[in-house]
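All remarks here apply to the structure that follows.
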Amino acid sequence: NMKNDRYLTSNEKALPLARELFAQMNKWPIISPHGHVAAELILENKQFSNPVELLIKPDHYLTRMLFSQGISYETLDLPNQSAVVKGISPQEIWRIFAKNWKLFRGTPSRIWFQEILSKFFEIDEILNEVNADAIYEKISIVLAQPEFRPQHLLNQFNIEVLATTDSTSSDLQAHRKLLELDLNTRIIPTFRPDDVSDPLRKDWRQSIKDLSTITGVEIATFKNLLSALRLQRNRFSELGGTATDHGVLSANCISASDFEKERLFKELISGNSISPSAAANFSAIMLFEHAKMSAEDGLVMQIHPGAVRNFDQDIFNTYGADRGFDIPLAITFTKELQAVLNAFGKSRDFRLVLFTLDESTYSRELAPIAGVYPSVRIGPPWWFLDSLNGMRRWRDLVTETAGFYNTVGFIDDTRAFCSIPVRHDLARRFDSGYLAEQVIHKRITEFEAYELADQISYHLSQNFYRL
C-alpha cells in the first residue's frame, strides 16, 4: 500500500525491512522531552474553536511562509501584543491559506499539515481554493465533538511524557493541578531562564524582580541570583521536571571569579545603558553557572544557540515573540564550550544536549564533542532542518563520528499540539528507512537495526532525559 509506505525509503531493496522496522518503532509510546505546548491548554481542556485557531495561528512555519509572499499578519488576524484581534472571520483566513497552499510545495510544513488532515480528519486531498470551504467544514465538525479536546487527544496520541517550556518565574500552578488529574500522560515542566540570563532583553530587570518575588530572595547580588535560581530549579524538579532549556545567541561559556561576577552584575543591574560586550560576557557567565547547577542537581541542560530572535523590530513590537522572525546565524561550539566541558564534561551527573541551526557544525564540532564526552548528546535537526532531507544530512554527518547512541532520539519542539504525533511518526518513518538502507549497504546487521529502532524511537530519550 503506497499510503502506508510513505516517507520510508525510495530504495526498493530496503523497503520490506523498513516496513518491519517502522511497525516495531510504532509500538512505542511517544516521549516528548522538549516542546512548547502550554500546560494551561491541557488543563483547561477547552474545545478548539475553529480550524484556523488550531492549525494556522500557532504555527509560525505556516504564517512566515505566507508573510514571505506578501500576506500580512494583519490579513491573518494574528493577535497583537495586547492580544487584540480585528475579528476577521476564520473562514476568510482559511480561504487565503488554501489559495496559497501551493507555496508550501517541497517543504516539511506541507508534509506535516497534510498528515494532520489525514490522521485526524480523514482528509487526503490536497488543500486548494476549490475544496477550501468543504475541508473547513469537515474539520469544524470533528472539532465540535466532545472527544476532540486536549486531554482526550493526549491518550489518542499515545504520549507517555510531554515536557512543556516554562518561564523562570512561573508559579507552575497549571502543573500542580494537572498532577491531580488522572491522565495517562506525564506532563512535566522545563526550566527556561533566558529572561534573567540576557541583559539585552527589555524585560531583564523586571524578570529578576519577578524571580525575587516568587522565591522570596532579595536579589541585590549575583550570589543571591544564583540562590533564587536554585530554589526555582528545585520547584521544577519537584513537579517532575528533568531539564532546562537555553535559547542563547552564542554557546559561549565563561568561568569567572566571584569578584568579577559580582562586579559585572552590579554594573548591569544599576546602570542605564548596557554595553553589548558586557551583556555578552554576562550571558556567557550565566551559561557556565547554569551548567554548574545542572552538574549539581542533575537537570539535563539543553542549549539551542545561534538564532537572532525576533529579528524584525516592527513585527516584535506589534506581535511579540515567536512570529517566524528568528533567523539563524553562523556559530561555533568547540572553543565556546571548552570551559564547561573541562569543568563538568566528565562529571557523572552533568548532561548536555546540543542543538544547532548551523549544519556546518555537525561533523566538524558537534559529533567530535559528543563522540568523546560522556555527558554530551547531539539533539536532532531543529527548526528549519527537521525535514526528511534535513534528517538524512544530520544522520549522515553525525553518525560516522558519534554513532547512534550519542544522539537523543527525536524531539518535536512544537507549539502546534496536533503536530506532535505527526512529527514523531514522520521521524520514525525516516529512521526506519535509514536503518534499512544501512542493512542493505552491509553497514549494520538486521539484528542491530531492530535494536537501534527501539533505541531511537524510545530508549535514547527516556534514558538521557531521566524519564
Side-chain angles (χ1 to χ4, degrees), residues 34 193-194 197-198 200 243-257 260-261 276-295 299-309 326-386 390-409 411 413 460 464-465:
H34 172 78
D194 294 351
S197 306
D198 177 7
L200 289 180
T244 68
D245 183 34
H246 308 268
V248 286
L249 188 60
S250 157
N252 197 27
C253 300
I254 295 175
S255 171
S257 69
E260 178 54 29
K261 289 184 284 204
S277 65
N281 281 345
F282 185 81
S283 294
I285 286 169
M286 284 304 285
L287 209 52
F288 185 90
E289 295 298 330
H290 290 305
K292 188 178 176 185
M293 288 186 271
S294 278
L299 289 180
V300 179
M301 185 179 193
Q302 305 172 96
I303 304 183
H304 286 79
V308 180
R309 292 173 188 269
D326 294 358
I327 311 289
L329 191 73
I331 60 158
T332 49
F333 289 87
T334 306
K335 285 202 172 91
E336 287 74 3
L337 291 173
Q338 192 170 12
V340 155
L341 294 173
N342 268 285
F344 317 113
K346 303 180 294 297
S347 129
R348 227 187 54 191
D349 292 323
F350 184 56
R351 295 189 176 187
L352 176 63
V353 182
L354 298 174
F355 294 84
T356 191
L357 288 164
D358 185 345
E359 296 190 57
S360 72
T361 63
Y362 288 166
S363 60
R364 188 183 68 234
E365 300 179 44
L366 293 183
I369 290 170
V372 70
Y373 275 102
S375 63
V376 183
R377 297 288 182 272
I378 307 174
W382 170 47
W383 277 13
F384 304 115
L385 316 173
D386 51 4
M391 290 174 195
R392 174 167 300 276
R393 293 192 297 269
W394 180 74
R395 284 267 178 232
D396 283 345
L397 288 166
V398 306
T399 309
E400 290 171 332
T401 307
F404 288 97
Y405 288 82
N406 284 315
T407 64
V408 285
I411 287 175
D413 192 17
L460 291 177
F464 199 70
Y465 280 93

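Here the structure is a predicted model, which means the values were calculated and not measured.
Between atom NZ of residue K292 and atom OG of residue S255 there is a gap of 8.0 Å, rounded to the nearest 0.5 Å. Here the straight-line distance linking atom NZ of K335 with atom CG of N252 works out to 11.0 Å at 0.5 Å rounding. The structure places NZ of K261 at 7.5 Å from CZ of F288, a figure rounded to the nearest 0.5 Å. To the nearest 0.5 Å, the span separating CG on D245 from CZ on F355 amounts to 7.5 Å. Rounding to the nearest 0.5 Å places CG of L385 at 4.5 Å from OH of Y362. Atom CD in Q302 sits 13.5 Å away from atom NE2 in H290 (nearest 0.5 Å).
Closest heavy-atom contact between S250 and L287: O-CD2, 4.0 Å. In plain terms, the two heavy atoms of L249 and L329 that are nearest each other are CD1-CD2, 3.8 Å. Contact detail for H304 and D413: the closest heavy-atom pair is NE2-OD2, 4.4 Å. Taking each heavy atom of R309 and W383 in turn, the nearest pair found is NH1-CZ2, 3.9 Å. Nearest heavy-atom pair across L341 and S375 is CD2-OG, 4.5 Å. Between F464 and V300 the shortest heavy-atom distance is O-CG2, 3.4 Å.
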Could you list the donor-acceptor pairs under 3.5 angstrom formed between side-chain atoms of residues 396-403 and any protein atom two or more places apart in sequence or on another chain?
from	atom 1	to	atom 2	distance (Å)
D396	OD1	Y434	OH	2.6
T399	OG1	R395	O	2.5

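No side-chain donor-acceptor contact under 3.5 Å links T361 to the backbone of T332. In terms of modelled atom types and a separation under 3.5 Å, the side chain of S283 and the main chain of A280 share no donor-acceptor contact. Side chain of D194 to main chain of G247: a donor-acceptor pair is present (N/O by atom type, distance under 3.5 Å, no hydrogens or angles). Checked by atom type and distance alone, the side chain of R351 never pairs as donor or acceptor with a backbone atom of R348 at under 3.5 Å.
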Discussion item. Please determine whether side-chain contact (heavy atoms from CB on, under 4.5 Å) holds for the pair I303 and L354, giving the CA-CA distance in whole Å, both sets of side-chain angles, and the decisive distance to 0.1 Å.
Written reply: CA-CA 5 Å; I303 304 183; L354 298 174; 4.3 Å; yes
Discussion item. Evaluate I411 against Y465 for side-chain contact (heavy atoms from CB on, under 4.5 Å), listing each step before the verdict.
Written reply: CA-CA 11 Å; I411 287 175; Y465 280 93; 3.3 Å; yes
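Side-chain contact between V376 and F333 is absent, with no heavy-atom pair separated by less than 4.5 Å. L357 has its side chain within reach of W382: a pair of non-hydrogen atoms, C-beta onward, lies under 4.5 Å apart.
When the salt bridge (charged side-chain N to carboxylate O under 4.0 Å, His left out) test is applied to E359, the partners found at least two apart in sequence or on another chain are R393. Residues satisfying the salt bridge (charged side-chain N to carboxylate O under 4.0 Å, His left out) criterion with D358, sequence neighbours excluded, are absent altogether.
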